[in-house]
Asks: 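Starting off with a structure, shown below.
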Amino acid sequence: MEKTISSRIIGSFMYKEELNSYEHTEGKVYYSLKLENESTNVDALMSIAEKLFCQFDEFEKRAKTQIAQHLIDYKNDFWPEYDEDDENLNWDDVDAGKYDLSIEDFERAITLLDIEFRVTHIYCECSDGDLFGGHRIHAKFDHDYNLIDADV
């Protein structure tokens with residue numbers, strides 16, 4: 001197994017045996033190419049990574065929007081922005097959605113941290129911007145950047 005592979009577009013990826021993947025950890029987002037078995041085509045994964053890298057701003061915006069749309073109800077229903085024990089809390093305002101977080105605010109709060117390229121999908125981890133108590137958001141996208149699933 002080669003210890004380093006390079007992309008003219010992204011840079012060098014170092015092989016991490018414990019993760020069975022090639023890792024690129026320079027920059028604000030970490031990229032990895034996941035080797036799921038011996039037949040994984042690293043060149044094909046690199047091609048997918050380079051395409052996304054060149055379209056990163058578009059991917060990031062689209063990913064954040066899709067994640068926000070998928071998780072907004074969960075956020076507003078189970079991680080409220082108000083103190084349920086507050087004696088002065090107006091429950092009519094709560095029921096009317098006064099304290100609900102908007103999709104736009106959700107999008108602004110989250111930050112893309114890691115992107116892992118796999119044969120069947122693209123896996124991403126995001127900082128939750130403290131929307132969910134500091135937990136990471138995990139999301140899977142197909143190779144056309146459509147959200148498959150997201151959770152906390």
Asks: Are Tyr123 and Phe53 linked, directly or through intermediate hydrophobic residues, by side-chain heavy-atom contacts shorter than 4.5 Å (ILVMFWY only)?
Replies: no

Asks: Same cluster or not: are Met14 and Val29 linked, directly or through other Ile, Leu, Val, Met, Phe, Trp or Tyr residues, by side-chain heavy atoms under 4.5 angstrom apart?
Replies: no

Asks: Applying side-chain contact (heavy atoms from CB on, under 4.5 Å), run through Trp91 and Tyr82 and close with a yes or a no.
Replies: CA-CA 10 Å; Trp91 285 99; Tyr82 53 85; 4.1 Å; yes

Asks: Assess whether side-chain hydrogen bond (donor to acceptor under 3.5 Å, both in side chains) is satisfied between Asp151 and Tyr74, documenting all intermediate values.
Replies: CA-CA 9 Å; Asp151 61 36; Tyr74 178 66; over 6 Å; no

Asks: How far does CD of Glu36 sit from OG1 of Thr120, to the nearest 0.5 angstrom?
Replies: 5.5 Å

Asks: List the steps, then state whether side-chain contact (heavy atoms from CB on, under 4.5 Å) holds for Leu33 with Ser21.
Replies: CA-CA 5 Å; Leu33 310 175; Ser21 65; 5.8 Å; no

Asks: Quick check on the hydrophobic clustering: are Phe117 and Ile5 connected, directly or via other members, by side-chain heavy-atom contacts under 4.5 Å?
Replies: yes

Asks: Short question: side chain of Asp83, backbone of Asp85 - any donor-acceptor pair under 3.5 Å?
Replies: yes

Asks: When you compare the side chain of Lys51 with that of Ile48, does any pair of heavy atoms fall below 4.5 Å?
Replies: no

Asks: Cluster question for you: counting only ILVMFWY and a side-chain heavy-atom cut-off of under 4.5 Å, with indirect links fine, are Leu19 and Met46 together?
Replies: no

Asks: Would a single hydrophobic cluster contain both Leu112 and Tyr145, if residues Ile, Leu, Val, Met, Phe, Trp and Tyr are joined by side-chain heavy-atom contacts under 4.5 Å?
Replies: yes

Asks: Salt-bridged, Arg62 to Glu60, with N to O below 4.0 Å?
Replies: no

Asks: So for atom CD, which belongs to Glu38, do other residues, nucleotides or ligands contribute more than 12 heavy atoms lying within a distance under 6.0 Å?
Replies: no

Asks: Could you check whether Lys3 makes a cation-pi contact with Phe13, meaning its NZ or CZ is under 6.0 Å from the centre of the six-membered ring and within 45° of the ring axis?
Replies: no

Asks: Would you indicate whether the side-chain heavy atoms of Ile122 and Lys140 approach each other to under 4.5 Å?
Replies: no

Asks: Can we say Lys16 and Glu23 salt-bridge, meaning some charged N sits less than 4.0 Å from an Asp/Glu carboxylate O?
Replies: no

Asks: With a 3.5 Å distance limit and no angle check, can you tell me whether Glu107 reaches the backbone of Lys64 through a side-chain donor-acceptor pair?
Replies: no

Asks: Quick check: closest heavy atoms across Asn88 and Asp86, and the distance to 0.1 Å?
Replies: N-OD1, 2.8 Å

Asks: If you round to the nearest 0.5 Å, how far is CG of Asp93 from CG of Asp100?
Replies: 11.0 Å

Asks: Report yes or no: do Glu116 and Tyr30 form a side-chain donor-acceptor pair below 3.5 Å?
Replies: no

Asks: Would a distance-only check, ignoring hydrogens and angles, find a side-chain to backbone donor-acceptor pair under 3.5 Å from Ser7 to Ile9?
Replies: yes

Asks: Under the 3.5 angstrom rule, does the side chain of Lys75 hit a backbone N or O of Leu101 as a donor-acceptor pair?
Replies: no

Asks: For the side chain of Lys98 and the backbone of Asp92, is there at least one donor-acceptor N/O pair under 3.5 Å apart?
Replies: no

Asks: So, Glu125 side chain and Ile137 main chain: donor-acceptor pair closer than 3.5 Å or not?
Replies: no

Asks: On a heavy-atom basis, which atom in Phe141 and which in Ala63 lie closest, and how many Å separate them?
Replies: CZ-CB, 3.5 Å

Asks: Closest heavy-atom contact between Thr40 and Val119?
Replies: CG2-CG2, 3.9 Å

Asks: Looking at every heavy atom in both Leu113 and Ser127, which two are closest together, and how far apart are they?
Replies: CD1-N, 3.5 Å

Asks: Is Ser47 reaching over with its side chain to a backbone N or O of Asp43, donor-acceptor style, under 3.5 angstrom?
Replies: no

Asks: May I ask you to say whether Glu50 pairs ionically with Arg8, meaning some side-chain N is under 4.0 Å from a carboxylate O?
Replies: no

Asks: Using modelled atom types and a 3.5 Å cut-off, is there a donor and acceptor pairing between side-chain atoms of Asp142 and backbone atoms of His121?
Replies: no

Asks: For the CZ atom of Phe132 and the CG atom of Leu71, what is their distance to the nearest 0.5 Å?
Replies: 5.0 Å

Asks: Applying side-chain contact (heavy atoms from CB on, under 4.5 Å) to Tyr31 and Leu52, what does each step give before you reach the verdict?
Replies: CA-CA 10 Å; Tyr31 292 87; Leu52 187 146; 4.2 Å; yes

Asks: Return the minimal non-hydrogen interatomic distance between Gly133 and Trp79, and the atom names on each side.
Replies: N-CZ3, 3.7 Å

Asks: Is it the case that the side chain of His24 and the backbone of Ser12 share a donor-acceptor pair, with hydrogens and angles ignored and the cut-off at 3.5 Å?
Replies: yes

Asks: Between Tyr22 and Thr4, is a side-chain contact (heavy atoms from CB on, under 4.5 Å) present by the stated rule, with each step listed?
Replies: CA-CA 8 Å; Tyr22 285 96; Thr4 304; over 6 Å; no

Asks: Work out which heavy atom in Ala139 is nearest to a heavy atom in Leu147; give both atom names and the distance.
Replies: CB-CD1, 4.1 Å

Asks: Working to the nearest 0.5 angstrom, can you tell me the gap between Asn90 CG and Asp95 CG?
Replies: 9.0 Å

Asks: Nearest 0.5 Å, please: how far is CD1 in Ile67 from CD1 in Ile72?
Replies: 12.5 Å

Asks: Let me confirm one number: the CZ-CG distance from Arg118 to Leu35, rounded to the nearest 0.5 Å.
Replies: 11.5 Å

Asks: Check this for me, if you would: do Arg136 and Asp114 make a salt bridge, where the nitrogen-to-carboxylate-oxygen distance has to be below 4.0 angstrom?
Replies: yes

Asks: Would you say the side-chain atoms of Asn20 and Tyr15 include a donor-acceptor pair closer than 3.5 Å?
Replies: yes

